[in-house]
There are 2 protein chains.
Amino acid sequence: MTKPLAELAPLDPEMFDPVCPSPLVPFRVGDKWAAMILRCLQDGSRRFSELKGPLRGVTSKSLTQSLRRLERDGFVTRKAYEDTKLGVEYSLTPLGRGLLGPLDAACEWTREHWDELIDAHEAHMNKGG
Amino acid sequence: MTKPLAELAPLDPEMFDPVCPSPLVPFRVGDKWAAMILRCLQDGSRRFSELKGPLRGVTSKSLTQSLRRLERDGFVTRKAYEDTKLGVEYSLTPLGRGLLGPLDAACEWTREHWDELIDAHEAHMNKGG
DNA sequence: GAGGCTGGTTTCCGATCGGATACCGCCCTA
DNA sequence: TAGGGCGGTATCCGATCGGAAACCAGCCTC
């Protein structure tokens, strides 16, 4: 009963470290955790506790909040297990899945230009920021 | 002396109405005005007052703030006229110009799925949000 | 029946966002 | 010399963001 529906590789608990990139990343989807949540769900549905691991440092409150917003906006669905009444699973809607395209494009752009982003930032620091 | 450098079509003063789309748009670049500023600059450099028009409702403070952040992050350069000492012009850096690609992709995705976004939102409202 | 895991909620709080308003020096023109 | 455009700055304020910590019911195991 620890597994979701199918055999699904567990997420890397160190997949995201929100401390590292955040302020320099020029793209945001929704709130702080939304993009990471979407990417965590891209291979299939996940449970609350499965999401908490990879989203390093997220609190229950923030995760709930972010998931509720994604649900409200039609990107994620929430489904409680009915048989056991223990556990909840979150998954992408088609709309949410569609979001992954431009999101990945934005992520890739950021990766490609990471050095330039750092350089620009440091250059600005050095001339008196 | 009202014109920037070359002959450049003036921006439509009604180009953006931040009241309309904002909360449903799942993508953000920087702060509230950043994406609009980048798109205003895509055809060439613009002066402060040229930006204020199309960015309906922006205050001097918010515009300055947003421009300073874009400058700090290396997406925009600020250049004061030296001959007349009157006027300042803002333009995209190559890095900022590169941002337009994924930004446009995100905008287009939003346009394409606009109806679905509205529907999802309303559906959620109707079942007790 | 004590403790642990699951999926949260509640309260509190500091930081940031961003609008409103007032004000500023500089320059040009009338 | 008065007024107006330009490119801001200073101050205040309410709203939102998001972390910390405490707490919760339901279920399972020991």
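Chain letters run A, B, ... following the sequence lines, proteins first, then strands; residues in each count from 1. Just so we're clear, the structure is a prediction, and the values are computed from it rather than from any experiment.
Listed pair A:Ser62 / D:dG18 fails the phosphate criterion, with no side-chain N or O lying under 4.0 Å from OP1 or OP2. The shortest distance between the side-chain N/O atoms of A:Arg68 and the OP1/OP2 oxygens of C:dT9 is below 4.0 Å. Remark: B:Lys32 is in phosphate contact with C:dG19, judged by side-chain N or O atoms under 4.0 Å from OP1 or OP2. The phosphate of C:dC27 (OP1 or OP2) has no side-chain N or O of B:Tyr81 nearer than 4.0 angstrom. One finds no side-chain N or O of B:Ser60 lying less than 4.0 angstrom from the OP1 or OP2 phosphate oxygen of D:dG8. Between A:Arg47 and C:dG7, a side-chain N or O to OP1/OP2 separation shorter than 4.0 Å is present. Within the structure, a side-chain polar atom (N or O) of A:Arg69 is placed less than 4.0 Å from OP1 or OP2 of D:dG18. For C:dG8, the OP1/OP2 oxygens have a side-chain nitrogen or oxygen of A:Arg78 closer than 4.0 Å.
Summarising the geometry, the separation between CD on B:Glu71 and C1' on D:dG8 is reported as 13 Å, rounded to the nearest angstrom. With rounding to whole Å, A:Gln65 atom CD is found 12 Å from C:dT10 atom C1'. The distance from atom CG of B:Leu67 to atom C1' of D:dT9 is 15 Å, rounded to the nearest whole Å. A straight line from CG of B:Asp31 to P of D:dT16 spans 18 Å, rounded to a whole angstrom. Rounded to an integer number of Å, the gap from CG of A:Leu63 to C1' of D:dG18 is 13 Å. Note: CZ (B:Arg46) to C1' (D:dC6) measures 17 Å, nearest angstrom.
For A:Thr64, whose side chain is taken as the heavy atoms from C-beta onward, the closest listed nucleotide among D:dT9, C:dG8, C:dG19 is C:dG8. Distances were taken from every side-chain heavy atom of A:Thr59 (C-beta onward) to each of D:dC12, D:dG8, D:dA20; the shortest belongs to D:dA20.
At least one side-chain heavy atom of A:Arg78 sits under 4.5 Å from a side-chain heavy atom of A:Arg68.
Residue-level contact check: A:Ser49 touches the backbone only, with heavy atoms under 4.0 Å from sugar-phosphate atoms and none from bases.
Between B:Leu92 atom CG and B:Asp43 atom CG the span is 9.5 Å, to the nearest 0.5 Å.
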Problem - Pair B:Lys52-B:Ser60, side-chain hydrogen bond (donor to acceptor under 3.5 Å, both in side chains): steps then yes or no - result: CA-CA 8 Å; B:Lys52 256 192 116 166; B:Ser60 291; 2.9 Å; yes
